[in-house]
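Along the sequence shown, residues carry numbers from 1. We use all heavy atoms of the structure for the numbers below, so side chains are in, but hydrogens, waters and symmetry mates are not.
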Amino acid sequence: MAISDTLAAVRRPQLAAWAPVVFVLLWSTGFIGAKFGLPYAEPFTLLLLRFGLAATLLLGLALALRAPWPRSPLKVLHVVVAGLLLHAVYIGGVFEAIRLGMPAGVTSLVVGLQPILTAIVAQLLLRERVAARQWLGLLLGFAGVGLVVGEKLLAGDAAHPLSAAGMLVACVALLGTTAGTLYQRRFCTDVSLTSGSAIQYLATSAVMLVLALSLESMRVQWSATLIATVLWLVLALSLGAILLLFWLIRQNAASRVASLFYLVPPLTAIEAFVLFNERLGALALAGMGLAVLGVALVLAPARSRAAR
């Protein structure tokens, strides 16, 4: 039985409760992984290693599990487009923005605007009803993210000035993740998670190869840190978090899935404190509280319906 069929059949309350938490914990490590890996490889080269290995693993897994593959060229095209938006544009943009000097916290704030954009576009294109309580939650979440990242700006802006190029690339990444989330839900919900993700990673690897050959030296300084970073990016993020995200998109309205991203910057700040001794002040702690409250407001209507 394919993983997609297994996940579709499992609807236990425990999974519904814990899946968003696990996803946020995994996804929050993406910025930390970039900070660990970029000193040893340029961004597109690093992502070529990540997506190439992830594509190989998922391709083998899909074949071993005899997962169904898209049967029409149009469906394959939809899968590729969604993958390029979510992986090449979004993740590639985040890594490139950090390379251009954007602080990780500021980059997380820019892409943290995604829930607002997703909710608005989903309401217009997917005809999803976004209640006033959810809008309030989205605004509180954005305010919380702003407080968390704002403290980082106040503490380190002089040492790490923002660049126009880095901000532009981060905004492109924001548009990529917004469009990719909506496109995945609109056109790819009936595609196997394993075979569909394998196709997306193969397409993203091809794009990363072209970008690396065109724009980078492709030099890699192999070390234990780099190997551990690549393995984490592949196993925890490209496999674990992405497959879980696609499953969440299938199970929830697009705007509620997007609201989970509000918790990523606060968690990233905690991880940065533990790993890099980046201090958290009262402003950041208050921001985390607002972000958690915002997500709770957005998710509460779905939980109440499930309970009934």
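- Follow the hydrophobic side-chain contacts under 4.5 Å out from Leu84 and you reach Ile199 in the same cluster.
- Under the 4.5 Å side-chain heavy-atom criterion for Ile, Leu, Val, Met, Phe, Trp and Tyr, Phe44 and Leu209 are members of the same hydrophobic cluster.
- Pairing each heavy atom of Leu174 with each of Val111, the nearest pair is CD1-O, 3.8 Å.
- Val172 and Leu182 are members of different hydrophobic clusters when ILVMFWY side chains are connected at heavy-atom separations under 4.5 Å.
- Across every non-hydrogen atom of Thr177 and Leu86, the tightest pair is O-CD2, 4.0 Å.
- Using a 30° and 60° split on the angle between ring planes, Tyr201 and Phe51 fall in the tilted class, from 30° to 60°.
- Side-chain contact between Asp190 and Lys75 is present, with heavy atoms from C-beta onward closer than 4.5 Å.
- Minimum interatomic distance between Leu213 and Met218 (heavy atoms only, all atoms of both residues): CD2-SD, 3.3 Å.
- Residues Ala34 and Ile98 come closest through the heavy atom pair CB-CD1, 4.0 Å.
- Between the CG atom of Leu58 and the CG atom of Leu202 there is a distance of 9.0 Å, given to the nearest 0.5 Å.
- Atom CG of Leu239 sits about 10.5 Å away from atom OG1 of Thr194, to the nearest 0.5 Å.
- Looking at Thr45 and Val220, their side chains come closer than 4.5 Å, going by heavy atoms from C-beta outward.
- Rounded to the nearest 0.5 angstrom, Leu147 CG and Phe142 CZ are separated by 10.0 Å.
- Within the 4.5 Å cutoff, no side-chain heavy atoms of Leu267 are placed close to those of Phe31.
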* **Intermediate values then yes/no, side chain to side chain donor-acceptor pair (under 3.5 Å), Ser223 and Thr225** => CA-CA 5 Å; Ser223 67; Thr225 300; 4.6 Å; no
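- A 6.0 Å sphere centred on OH of Tyr183 holds more than 12 heavy atoms belonging to other residues, nucleotides or ligands.
- The ring-ring contact (aromatic ring centres under 6.0 Å, His included) pairs that include a residue from residues 216-236 number zero, where partners must be two or more places apart or lie in different chains.
- Using a 4.5 Å heavy-atom threshold, the side chains of Gln221 and Leu226 count as separate.
- Using a 4.5 Å heavy-atom cutoff, the side chains of Gln200 and Gln184 are in contact.
- The distance from atom OG of Ser195 to atom CG of Leu61, rounded to the nearest 0.5 Å, is 10.0 Å.
- For the pair Leu237/Arg50, a side-chain contact is recorded, criterion being any heavy-atom separation below 4.5 Å from C-beta on.
- Across all their heavy atoms, Cys188 and His78 have their closest contact at SG-O, 3.6 Å.
- Pairs of residues two or more places apart, or lying in two chains, never qualify as side chain to side chain donor-acceptor pair (under 3.5 Å) while including a residue from residues 203-213.
- Under the 4.5 Å side-chain heavy-atom criterion for Ile, Leu, Val, Met, Phe, Trp and Tyr, Leu46 and Val169 are members of distinct hydrophobic clusters.
- In plain terms, the two heavy atoms of Ala203 and Val80 that are nearest each other are CB-CG1, 3.8 Å.
- Put simply, CG on Leu233 and CZ on Phe95 are 5.0 Å apart, with the number rounded to the nearest 0.5 Å.
- When the side-chain hydrogen bond (donor to acceptor under 3.5 Å, both in side chains) test is applied to Thr229, no partner is found at least two apart in sequence or on another chain.
- Counting only distance, with no hydrogens or angles, the side chain of Ser28 and the backbone of Leu25 share a donor-acceptor pair below 3.5 Å.
- In the hydrophobic cluster analysis, where Ile, Leu, Val, Met, Phe, Trp and Tyr join through side-chain heavy atoms closer than 4.5 angstrom, Met208 is grouped apart from Leu100.
- Glu42 and Ser217 form a side-chain donor-acceptor contact under 3.5 Å, judged by distance and modelled atom types alone.
- The structure places OH of Tyr90 at 9.5 Å from OG1 of Thr178, a figure rounded to the nearest 0.5 Å.
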